[in-house]
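This report concerns only the one structure given below.
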Amino acid sequence: KYTFSVIIDRLCKEKKLDDAHRLFSKLLDKGFVADEVVYCSLIDGYCKGNDVEGALSLWNEMVHREIYPNSETYNAFIFGLCKSGYTEKAGCVLDEMIARGLIPSSAAFNTVIHAYCSDGDLEKAFELHNQMVQRSFEPDTITYNVLIDGLCKKRMVDKAAKLFSMLADKGMPIDGVTYNTLISGYCKESNMEAALKHFDEMLTRGVRPNVVTYNSLIYEYCIAGKMVDAYQLLHKMIQSNIAPDSITYSAFIKGHCIGEDLEEALNLHAKILADGIRPTVVMYNILINGLCQEGKMQEAKCLFKQLLESGLSPN
RNA sequence: GACUUCUUCAG
């Protein structure tokens with residue numbers, strides 16, 4: 001029994017879901033008695049393999065056999081449901097889990113809260129956070145990062161900032177992601193003053209800015225046409241030993257395209273290639289889009305060809 | 001048991 005469970009688990013982890021399921025069915029026919037562990041492997045595999053429908057039918061089958069899912073199975077299923085957009089169902093499964101006296105991981109809560117935020121339903125997101133507190137599960141830094149991001153994405157940066165300072169007052173640990181989230185929120189509303197204020201605060205509080213921090217600021221400068229400020233930040237980041245990545249370069253390329261300086265955009269692109277940096281599809285998309293907007297179809301086609309030749313797939 | 005959060009294209 002355990003041997004087969006191990007094999008099925010292995011097959012699931014290797015994404016050989018069909019093989020796993022075939023073996024499972026065959027075993028059931030031969031009188032193998034399934035337990036919650038083997039269902040956990042299968043459901044986790046289906047969820048990670050983006051087949052929640054498959055996971056759901058296994059779940060129903062499991063319940064029908066009166067096998068009770070363990071915490072791991074619940075967590076995996078909740079994750080899968082959220083990933084495929086079944087947020088409401090995930091919320092129900094989470095409730096059921098608690099009702100059965102099992103302890104959801106903080107990641108399970110965070111996953112569902114994040115899903116509500118992605119759906120734009122901040123009310124539900126905060127409601128779940130409140131329930132968490134009421135039932136004495138402790139929200140962690142990630143929970144708050146998710147909520148702050150949810151507020152920023154809904155353009156409620158002022159509320160996000162309030163939550164941010166509340167956390168600081170309560171002594172809740174704030175990490176680089178918390179700062180990055182808020183900084184990005186300020187950038188998106190072109191409030192560079194507030195963004196930079198928090199950037200400086202990071203330094204004084206010993207939270208190290210990383211490539212994401214710089215990318216958020218640089219990106220906003222680039223699309224606002226403030227290329228000089230953007231390049232200044234680039235130098236600062238390099239001085240701080242933070243390597244620019246493809247997103248950083250994309251920002252500059254986009255900035256030059258927006259400034260209708262396609263020559264500079266193409267120069268930069270060439271320089272990136274010459275430096276041995278691997279181009280990405282997004283980089284090509286930005287350039288091709290910029291060229292198309294300017295009616296430079298020949299050059300656009302040329303870049304498209306280049307994209308294919310570098311082994312990237314157009315999207 | 002690889003569970004969850006931040007930055008990039010088009011729309």
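Just so you know, these numbers use all the heavy atoms, side chains as well, and skip hydrogens, waters and symmetry mates. Residue numbers begin at 1 in each chain, while the letters A, B, ... track the order of the sequences.
Only one option out of A:Ser57, A:Ser84, A:Cys82 pairs with A:Val52 in a side-chain contact (heavy atoms from CB on, under 4.5 Å); it is A:Ser84. Under the side-chain contact (heavy atoms from CB on, under 4.5 Å) test applied with A:Leu27, the options A:Ile7, A:Ile8, A:Val38 reduce to a single match, A:Ile8.
The residue A:Lys254 sits close only to the backbone: its heavy atoms come under 4.0 Å of sugar-phosphate atoms, none of a base. As judged by a 4.0 angstrom heavy-atom cut-off over every strand, A:Lys153 is placed among residues touching the sugar-phosphate backbone only. Here A:Ile286 lies in heavy-atom contact (under 4.0 Å) with sugar-phosphate atoms only. Residue-level contact check: A:Ser105 touches the bases, meaning some heavy atom is under 4.0 Å from a base atom. A:Asn289 comes within 4.0 angstrom of sugar-phosphate atoms only, judged by non-hydrogen atoms across all strands, and of no base.
A donor atom on one side chain and an acceptor atom on the other are found under 3.5 Å apart for A:Glu96 and A:Tyr74. A:His269 and A:Tyr249 form no side-chain donor-acceptor contact under 3.5 Å, judged by distance and modelled atom types alone.
Put simply, the side chain of A:Asn210 gets close to the backbone of A:Val212: a donor and an acceptor are under 3.5 Å apart.
The span of RNA chain B lying next to chain A, judged by atoms under 4.0 Å from heavy atoms, is bounded 5' to 3' by B:G1 to B:A10.
Every residue meeting the salt bridge (charged side-chain N to carboxylate O under 4.0 Å, His left out) condition with A:Arg22, not counting sequence neighbours, appears here in chain and number order: A:Asp19.
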